[in-house]
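Working notes for the structure below.
Throughout, numbering of the chain's residues begins at 1 and tracks the sequence. Keep in mind that the numbers below use all heavy atoms, side chains included, and drop hydrogens, waters and symmetry copies.
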Amino acid sequence: MAVVQREQIKLGVLLINFSPVVQAGLQAILAKDERIKVAGHVADEQQAIQFIKEATGRLQPVHVVLTETKKRHNRWRISY
């Protein structure tokens, strides 16, 4: 009886709005796991939506989205 191997599906990860240094570090960490594929990186949410639509159309879906958020320092106030 022949053993049929199932095609390994890689988890597609999209990186949004990371500085180049952080992005390179994340890609290096994620590349160590053969089950993960960095699908791409984009600058903002609008580009992410477009990227995900196009990737889905190519049958290369994005499964996980990682984004970096920046706090607006003047928005948060602490009163004593």
Side-chain angles (χ1 to χ4, degrees):
M1 186 190 296
V3 176
V4 177
Q5 287 189 343
R6 195 172 63 153
E7 182 181 334
Q8 185 175 358
I9 298 173
K10 292 193 176 207
L11 189 66
V13 177
L14 177 62
L15 306 176
I16 304 173
N17 195 29
F18 285 100
S19 69
V21 172
V22 174
Q23 180 179 306
L26 281 172
Q27 285 181 303
I29 291 167
L30 295 172
K32 292 182 179 186
D33 190 328
E34 62 188 32
R35 299 169 297 174
I36 297 174
K37 175 187 173 194
V38 175
H41 45 86
V42 295
D44 59 35
E45 296 82 8
Q46 292 298 325
Q47 289 179 4
I49 291 168
Q50 186 63 35
F51 185 95
I52 291 168
K53 286 179 181 178
E54 291 172 3
T56 302
R58 294 188 310 265
L59 299 178
Q60 299 172 338
V62 172
H63 302 96
V64 178
V65 175
L66 298 177
T67 185
E68 181 175 48
T69 59
K70 294 178 177 33
K71 288 186 202 174
R72 295 182 183 168
H73 296 289
N74 60 354
R75 189 169 184 212
W76 302 99
R77 294 189 178 187
I78 300 173
S79 299
Y80 294 97

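- Here the NZ atom belonging to Lys10 is positioned 7.0 Å from the CD atom belonging to Glu34, to the nearest 0.5 angstrom.
- Taken from NZ in Lys37 to CD1 in Ile9, the straight-line distance is 13.0 Å, to the nearest 0.5 Å.
- The NE2 atom of His41 lies 12.5 Å from the CD1 atom of Ile16; values are rounded to the nearest 0.5 Å.
- Residues Val62 and Ala39 approach most closely at CG2-CB, 4.2 Å, considering heavy atoms.
- Around atom CZ of Arg35, no more than 12 heavy atoms belonging to other residues, nucleotides or ligands sit under 6.0 Å away.
- At least one side-chain heavy atom of Ile52 sits under 4.5 Å from a side-chain heavy atom of Val65.
- No chain of hydrophobic side-chain contacts below 4.5 Å, direct or via other Ile, Leu, Val, Met, Phe, Trp or Tyr residues, connects Val42 to Val38.
- Note on Val22 and Leu30: same hydrophobic cluster, where clusters join Ile, Leu, Val, Met, Phe, Trp and Tyr whose side-chain heavy atoms are under 4.5 Å apart, directly or indirectly.
- The two atoms that bring Phe18 and Leu66 nearest to each other are CE1-O, 3.3 Å, heavy atoms only.
- Taking CD from Gln47 and CG from Asn17, the interatomic distance works out to 9.5 Å, rounded to the nearest 0.5 Å.
- Grouping the Ile, Leu, Val, Met, Phe, Trp and Tyr side chains by contacts below 4.5 angstrom, directly or via other members, places Val64 with Leu26.
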